[in-house]
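Throughout, residue positions are numbered sequentially from 1 according to the sequence presented.
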Amino acid sequence: MSLINPAYGQIVIFTARLGPNPPQYVFQIDLATCTFCPILENPVGTIQETLVLPNGNVVVSTQLGSVSVYEPPNPNPIATVPGPYWFGSLIHPNGNIYVTAGGQLGIFDPVNNTVTNIGPFPPSVQPYDLFLVGSTMYAFCEVVVNGVAVRQVYEVNLTNPAASTLVYANVPNSLYTAATAASGQIISTVNIGGNVDFVEYNFSTNSWTPICNTPLTFIQGLSILPPGVPVPACACLLSSAGTPTVTTANVCVPNAYTATFNNNTQLDPDDAVGYILFTDPANPIGSVLAQNNTGVFPFVPPLVAGTTYYVSRVVGNLVNGQINLNDPCLDISPEIAVIWRPKPTLVSLTTPSGNICGGACGTVELTLSGTPPFTYSWQVQQGGNVLTPLQFVFNSFVNPTTFQACTPVGTTGAVNVVICSVQDLYCQSP
């Protein structure tokens, strides 16, 4: 459940995963509403830090050693920064952009994409992220104490990082991501039950207050959207509903239709698969009659036999157990044209008006409903007893049609010509 708090009116850029193992993407979150979305459609590797520049570009540092500059929504880097990957970064009120890399403090120049080193932090102190209290810069750091890695807060000496001073020897809940909002709030994250929650870190009390719960994991590299920078547009991660195995299908009333698709969906980390039945291939979502997660559609009102309907597979986010058809990143497969066909029936059967003597034959005329060609079977009965073997007529395109019915030699009394089955192009009855 999200903790919606309008007091946190701040857009934060960061990287995260949706689930335990999928790729890492660049996200944004509105802390006032706790709504979040990706802003780049491609994954960006294993991330250590992000930084939003005053021009809206986003610097992304990966633990693979690369530091890349993106211009959202372009999913491809527009520049790279030489040197080791960053652990932390921020834009200081003095105009400098400070970064930590390899236990060192440096200044980043966004014009030529270079870092000028200032110097190292104290021995065995690994700075992870930077934040401000007023104009004073602090760092969440990791220090090994008696063989155990603990989080600590240091006040950073901007001219001689080795002279940085310890403020808190123990930081709660392994906080190490941080970003300072324009209001002075220090935004961080904690891992609770496998998912990561956004919190406000209270510097004075060395404690935190929850802001937003998320289903995200492995959140890293918080960066506040600078004043005047437009909120990035949400991006659609690569996904595909795939393709059907057939383009048309005929179903016999009253059977249900089961859609069949190739095993070629591509899902982004929070996607699910569903199916829709609709009437207008030019406007699938606007003409949906039924939706489910199985692809099985029963013949129920308002469906009408003989009408062409369409079925597609859809890929998108779930809302209340169903695919959200208003998901802006919804993907819809090519459609299958589906028609429910009524079973063929015997409309009329006319037998000879006079008696047929035993061993003699007469012409029988029958009219069928359905779509030719017809295959039907018949036999002669008397009083419920079968007098002739089952006879078949195959692939008849003539309707009405006739055939010759013969009675066995020695037959006396009235007989009946019985149509036992009828099959048309699509269906069989009974």
Under a 3.5 Å threshold, yes or no: a donor from one side chain and an acceptor from the other, between [X] and [Y]?
{"X": "Thr214", "Y": "Asp197", "value": "no"}
{"X": "Asn399", "Y": "Thr401", "value": "no"}
{"X": "Thr50", "Y": "Thr15", "value": "no"}
{"X": "Ser369", "Y": "Thr345", "value": "yes"}
{"X": "Thr363", "Y": "Gln404", "value": "yes"}
{"X": "Tyr98", "Y": "Asn96", "value": "yes"}
{"X": "Asn206", "Y": "Tyr201", "value": "yes"}
{"X": "Thr177", "Y": "Thr189", "value": "yes"}
{"X": "Ser312", "Y": "Glu335", "value": "no"}

Side-chain contact test, heavy atoms from C-beta onward, threshold under 4.5 Å: evaluate it for [X] versus [Y] and give yes or no.
{"X": "Ile39", "Y": "Pro73", "answer": "no"}
{"X": "Leu90", "Y": "Ile97", "answer": "no"}
{"X": "Val380", "Y": "Asn416", "answer": "no"}
{"X": "Arg341", "Y": "Val251", "answer": "no"}
{"X": "Leu368", "Y": "Leu346", "answer": "yes"}
{"X": "Val69", "Y": "Glu71", "answer": "no"}
{"X": "Thr247", "Y": "Ile336", "answer": "no"}
{"X": "Leu318", "Y": "Asn324", "answer": "no"}

Assess the pair [X] and [Y]: is the distance between their ring centroids shorter than 6.0 Å?
{"X": "Phe198", "Y": "Phe14", "value": "yes"}
{"X": "Tyr309", "Y": "Phe278", "value": "no"}
{"X": "Trp378", "Y": "Phe392", "value": "no"}
{"X": "Tyr85", "Y": "Phe87", "value": "yes"}

Quick check for you: to the nearest 0.5 Å, what is the distance between [X] atom [atom1] and [Y] atom [atom2]?
{"X": "Ile285", "Y": "Asn326", "atom1": "CD1", "atom2": "CG", "answer": "8.0 Å"}
{"X": "Ser89", "Y": "Ile107", "atom1": "OG", "atom2": "CD1", "answer": "13.5 Å"}
{"X": "Thr62", "Y": "Glu49", "atom1": "OG1", "atom2": "CD", "answer": "12.5 Å"}
{"X": "Leu222", "Y": "Ile187", "atom1": "CG", "atom2": "CD1", "answer": "8.5 Å"}
{"X": "Asn293", "Y": "Ile323", "atom1": "CG", "atom2": "CD1", "answer": "6.0 Å"}
{"X": "Ile29", "Y": "Leu216", "atom1": "CD1", "atom2": "CG", "answer": "7.0 Å"}

Donor-acceptor pair, [X] side chain versus [Y] backbone, under 3.5 Å?
{"X": "Tyr426", "Y": "Pro344", "answer": "no"}
{"X": "Gln391", "Y": "Pro389", "answer": "yes"}
{"X": "Thr100", "Y": "Gly88", "answer": "yes"}
{"X": "Thr375", "Y": "Asn395", "answer": "yes"}
{"X": "Asn264", "Y": "Thr243", "answer": "yes"}
{"X": "Ser287", "Y": "Asn283", "answer": "yes"}
{"X": "Gln24", "Y": "Phe218", "answer": "yes"}
{"X": "Ser239", "Y": "Leu267", "answer": "no"}
{"X": "Ser377", "Y": "Leu390", "answer": "no"}
{"X": "Asn74", "Y": "Asn76", "answer": "yes"}

> ring pair (Phe, Tyr, Trp, His ring centres under 6.0 Å): which pairs involve residues 250-274, sequence neighbours left out?
Replying inline: Phe261-Tyr275
> What's the verdict on side-chain hydrogen bond (donor to acceptor under 3.5 Å, both in side chains) for Thr209 and Asn202, showing C-alpha distance, side-chain angles and the deciding distance?
Replying inline: CA-CA 8 Å; Thr209 302; Asn202 188 316; over 6 Å; no
> Passes ring pair (Phe, Tyr, Trp, His ring centres under 6.0 Å), Phe140 versus Phe131? Steps please.
Replying inline: CA-CA 8 Å; Phe140 281 133; Phe131 62 93; 5.0 Å; yes
Return the minimal non-hydrogen interatomic distance between [X] and [Y], and the atom names on each side.
{"X": "Leu40", "Y": "Pro75", "result": "CD2-CA, 4.1 Å"}
{"X": "Trp340", "Y": "Val338", "result": "CZ3-CG1, 3.9 Å"}
{"X": "Pro172", "Y": "Ser207", "result": "CG-CA, 4.4 Å"}
{"X": "Leu53", "Y": "Ile91", "result": "CA-CD1, 4.5 Å"}
{"X": "Leu303", "Y": "Pro298", "result": "CD1-O, 3.4 Å"}
{"X": "Asp424", "Y": "Gly370", "result": "OD2-CA, 3.5 Å"}

>> Under the criterion side-chain contact (heavy atoms from CB on, under 4.5 Å), I'd like the reasoning laid out for Val288 against Leu277: C-alpha separation, chi angles, the key distance, then a yes or no.
In response: CA-CA 6 Å; Val288 170; Leu277 183 147; over 6 Å; no
>> Could you walk me through whether Cys141 and Val153 satisfy the side-chain contact (heavy atoms from CB on, under 4.5 Å) test, starting with their C-alpha distance in whole Å, then the side-chain angles of each, then the deciding distance to 0.1 Å, before giving a yes or no?
In response: CA-CA 6 Å; Cys141 301; Val153 172; over 6 Å; no
>> Pair Asp30, Gln28 - check side-chain contact (heavy atoms from CB on, under 4.5 Å), show working.
In response: CA-CA 7 Å; Asp30 184 342; Gln28 67 178 7; over 6 Å; no
>> For a side-chain hydrogen bond (donor to acceptor under 3.5 Å, both in side chains) check, start with the C-alpha distance between Thr245 and Thr260, then their side-chain angles and the critical distance, and finish with the verdict.
In response: CA-CA 6 Å; Thr245 59; Thr260 57; 2.5 Å; yes
> Does the pair Gln48 and Tyr128 meet the rule for a side-chain contact (heavy atoms from CB on, under 4.5 Å), with working shown?
Replying inline: CA-CA 9 Å; Gln48 188 61 51; Tyr128 270 88; 3.7 Å; yes
> Looking at residues at least two apart in the chain, or sitting in another chain, which of them share a salt bridge (charged side-chain N to carboxylate O under 4.0 Å, His left out) with Glu142?
Replying inline: Arg151
